[in-house]
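What follows is one structure encoded as C-alpha cells, with my remarks underneath.
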Amino acid sequence: MGKDKNTLLSAFSTAASIGFYLVSSVAAGILLGRLVDGYFTIAPWGTVWGIVLGMIAGMWSIYKKVVGGK
Amino acid sequence: MEHGHEIGSHSLAHFAGLTFNMDTLIMTWITMAIVIVLAIAATRRMELRPRGWQNFLEMAVMYLLEQMETNMGSKGQKLAPLIITLFLFLVVGNELGLIPGFTSPTNDINTTLGLALMIIVIVHVLAIKNKGFTKYIKHYFEPYIPFVVINIIEEVAKPITLSFRLFGNILAGEILLLVLGMLVPYFVPTLWLAFSVFVGIVQAFIFTMLSISYLSNSMQDGH
C-alpha cells in the first residue's frame, strides 16, 4: 500500500474523530469542574469554568491535530 | 423484545461486592475465542501464496504494521502485537452484535472505557520511559504555564473520546437495527445491517488509529 493511501486513511480517521475532541474535552471539563465544586464547595463555578476551559481545550487539541499534524 | 435480547440492559451477576454484566462478559469471551481461532486458522498451514483467512489476516496485519511504521518509526514495532490484537478484538466484537441473539461486547461502556484506559496508561508509562520524568512533567506546561489546565483537560478527554465514540456508535447501530426491524421489517433493516458491518470496521479502525497516534506521541524522545 502506498504512502498516499496511508496518509489519506489517517486523515480520514482524524476527520471522523474531530467532533468528538470538542465534545469529550467539554465532558472532561465538566468532570473536573464538578470535582473542584465538590472539593471547594463553590458550585456551580467549578462546573462553569470547567465547561469554558473544556471548550478551549477542545479547540486547542484540534488546532494541534490540524497544524501540528499529530 | 423480538430479537431475544434487550439492548442497553444487562443481565447482572453479583460476586464479592462487585456487579458484573454477564452478557458483556460472555460476549467478550466469545470474541476472544473467535480471535484466537482466527489467528490459529490463519497461521496453521502458512503458505507462500496466502489463501483464505491467511490472506485476509495478512492484509490487515501488513496494513497496521505500515501505519505503525509511518507514525512511530521502527521503535513502534514492539507494540505491534498489542495494536493488532486490539484491532482484531474490536472488529470481531463490533460485528458480533449484528448476529441475531448476540450483543457486541463493545456496546457496554465498561468494555470500551477499559480498553481506552489500558491504552492511556501505556501512553503515559511510555512517555515517562522515553522522555524522562522531568521532560514529561514539563510538557504539561507548554507552550505557557497557564496551559497546564488545558493540557490536563486534554489528557482526561483522551480516554473519553476513545471510549464514547466506539460505545456510542455500536450501541446506536444496534438500537437502530432493532427499531427499524420493528417499524419496517426486512428491506430497510437489511440495508442498515450492511451499513453497520461497515461502521463496525471503521470504528475499530479509528480506535486503533487514534491509539497509534497517542502512542506515537509518547514514543518520541523530544516533545
Side-chain angles (χ1 to χ4, degrees), chain A, chain B residues 58-72 113 116 120 139-140 142-144 146-169 199 201-220 222-223:
Chain A
M1 236 173 270
K3 203 170 180 178
D4 282 348
K5 208 168 180 181
N6 273 348
T7 332
L8 186 77
L9 281 169
S10 0
F12 173 69
S13 74
T14 310
S17 59
I18 244 164
F20 276 90
Y21 277 111
L22 274 177
V23 179
S24 60
S25 296
V26 174
I30 293 174
L31 197 78
L32 293 178
R34 283 183 71 96
L35 284 179
V36 170
D37 271 346
Y39 194 75
F40 295 107
T41 56
I42 49 162
W45 295 109
T47 314
V48 170
W49 279 105
I51 292 170
V52 173
L53 286 171
M55 289 191 307
I56 298 171
M59 293 303 291
W60 173 241
S61 60
I62 289 174
Y63 171 81
K64 276 204 294 191
K65 202 96 194 150
V66 174
V67 175
K70 60 183 178 181
Chain B
E58 266 190 24
M59 197 181 76
V61 167
M62 282 308 290
Y63 177 70
L64 286 173
L65 282 176
E66 267 178 47
Q67 282 293 334
M68 291 169 70
E69 180 78 38
T70 325
N71 281 297
M72 303 192 218
L113 194 61
I120 297 302
H139 143 264
Y140 283 99
E142 281 169 351
Y144 306 108
F147 268 71
V148 64
V149 186
I150 288 172
N151 282 329
I152 287 173
I153 290 180
E154 213 189 325
E155 290 303 325
V156 177
K158 275 180 187 175
I160 298 179
T161 178
L162 268 180
S163 56
F164 275 70
R165 181 189 311 101
L166 183 60
F167 160 69
N169 272 291
V199 168
I201 295 171
V202 166
Q203 288 307 320
F205 172 74
I206 290 179
F207 193 101
T208 318
M209 280 305 298
L210 283 176
S211 304
I212 291 176
S213 145
Y214 293 151
L215 287 165
S216 76
N217 283 349
S218 61
M219 295 290 278
Q220 286 152 8
H223 173 58

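Everything numeric here is computed off the predicted structure, so don't read it as measured data. Within every chain, numbering begins at 1; the chains are lettered A, B, ... in the order of the sequence lines, protein sequences first and strands thereafter.
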- prompt: Looking at B/T161, B/I152, B/I206, which has the largest count of heavy-atom pairs under 4.5 Å with chain A?
  reply: B/T161
query: Among pairs that include at least one residue of residues 30-61 of chain A, which meet ring-ring contact (aromatic ring centres under 6.0 Å, His included), considering only residues two or more places apart or in two chains?
result: A/W60-A/Y63, A/W60-B/F147
message: Under 4.5 Å from any heavy atom of chain B, what part of A/L53 do you find: side chain, backbone, both or neither?
response: both
- prompt: What part of B/L162 lies closer than 4.5 angstrom to a heavy atom of chain A: side chain, backbone, both or neither?
  reply: neither
task: Would you indicate whether the side-chain heavy atoms of B/S213 and A/K65 approach each other to under 4.5 Å?
output: yes
message: Within this structure, what is the CZ-OG distance for the pair B/R165 and A/S24, rounded to the nearest 0.5 Å?
response: 7.5 Å
statement: Most contact-rich option vs chain A, by heavy-atom pairs under 4.5 angstrom, among B/I160, B/I153, B/V156, is B/I153
